[in-house]
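Fair warning: this is a prediction, and the values are worked out from it, not measured in the lab.
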Amino acid sequence: MPRRTFTTAEEDGHKAMKDMLTLALCANAIGNFKIKPLLVYHSENPRAFKAYKVMKEKLQVLWRANSKAWVTHQFFIEWMNIVFGPSVKNYLIDNGLPLKCVLLLDNAPTQPPGLDDDLLDEFKFIKIVYLPPNTTSTLQPMDQQVTSNFKKLFTKHLFKRCFEVTENTNLTLREFWKNH
């Protein structure tokens, strides 16, 4: 979210919420096949889910939780075996392609060498390749456009929702952030 905004006198001194989450995005090289993302949040069952009766199982993400909203080695392996492996296998079979896959990863601590050993036997056709250290921002395709476009679209949608909710009401921006 923006660090600075124009606020009214009533809202002066408003502190931005520092609610963090991690979203791991994945797609094939040509972009016609997007894998269900891994989302890590600090709460297993957020209050907003209860208020709006959201069922995590129906979300288009694999939802995991830990106190710092970081992807752990365990979460990554679960995502690989529950989401990535089956999705890629089905995609390759459905499109009559050979069972061959390269997963390109940066050198984050959650992705230590030897991840191949943690894959289920049915997904051993997946080869994991690591980028050299400190090259992710220039070599990683997801960092070049996908992530920035996702952030732009998310922010656009969020502010559009803000304007829709507050347009014909006396609702302040602070109240919107707090209640919506």
Could you tell me if the side chain of L105 sits less than 4.5 Å from the side chain of L115, heavy atoms only? yes
Inspect the surroundings of CD in E164 and state if more than 12 heavy atoms from other residues, nucleotides or ligands are less than 6.0 Å away. yes
Which distance, rounded to the nearest 0.5 Å, do you find between the CG of L153 and the NZ of K151? 13.0 Å
Write down the atom of N81, the atom of L120, and the distance for their closest heavy-atom approach. OD1-N, 2.9 Å
Any link between M55 and L59 through a network of hydrophobic side chains (Ile, Leu, Val, Met, Phe, Trp, Tyr) touching at under 4.5 Å? no
Interatomic distance, L39 atom CG to K56 atom NZ [nearest 0.5 angstrom]: 10.5 Å
Between Y41 and W70, is the ring centroid distance below 6.0 Å? no
Please find the pair of heavy atoms, one from C101 and one from F84, that lie closest to each other, and give the distance. SG-CZ, 3.8 Å
What heavy-atom pair brings H73 and D118 nearest, and what distance separates the two atoms? NE2-OD2, 3.2 Å
Out of curiosity, L99 CG to I93 CD1, how far, rounded to the nearest 0.5 Å? 5.5 Å
Presence of salt bridge, R64 and E44, under 4.0 angstrom: no
Who pairs with Q74 by side-chain hydrogen bond (donor to acceptor under 3.5 Å, both in side chains), at least two apart in sequence or on another chain? E78
If we ignore hydrogens and angles and just use 3.5 Å, is the side chain of W79 paired with the main-chain N or O of K36 as donor and acceptor? yes
Greater than 12 external heavy atoms within 6.0 Å of K124's NZ: yes
State, with a plain yes or no, whether a side-chain heavy atom of I35 is found less than 4.5 Å away from one of V88. yes
Separation between NZ (K34) and CG (L25), nearest 0.5 Å, reads 11.0 Å
Nearest heavy-atom contact between L23 and P37 is CD1-CB, 3.7 Å
Are any non-hydrogen side-chain atoms of K89 and E122 less than 4.5 angstrom apart? yes
Looking at A69, is its backbone amide N or carbonyl O close enough to the side chain of T22 to form a donor-acceptor pair, meaning the two atoms are under 3.5 Å apart? yes
Applying side chain to side chain contact (heavy atoms under 4.5 Å, CB included), run through V83 and L38 and close with a yes or a no. CA-CA 9 Å; V83 176; L38 169 63; over 6 Å; no
Can you confirm whether I126 sits close enough to L119 that some side-chain heavy atom of one is under 4.5 Å from a side-chain heavy atom of the other? yes
What orientation do F125 and F123 show, parallel under 30°, tilted 30 to 60°, or perpendicular over 60°? perpendicular
Which heavy-atom pair separates P86 from M80 by the least distance, and what is that distance? CD-O, 4.2 Å
Taking atom CZ of F75 and atom CD1 of I77, what is their separation to the nearest 0.5 Å? 12.5 Å
Atom pair CG (L158) and CZ (R161), whose distance is rounded to the nearest 0.5 Å: 9.5 Å
Counting N and O atoms only, with roles assigned by atom type, does the side chain of N95 sit under 3.5 Å from a partner on the main chain of L97, one being a donor and the other an acceptor? no
For the residue pair W63 and F49, categorise the inter-ring angle as parallel (less than 30°), tilted (30 to 60°) or perpendicular (more than 60°). tilted
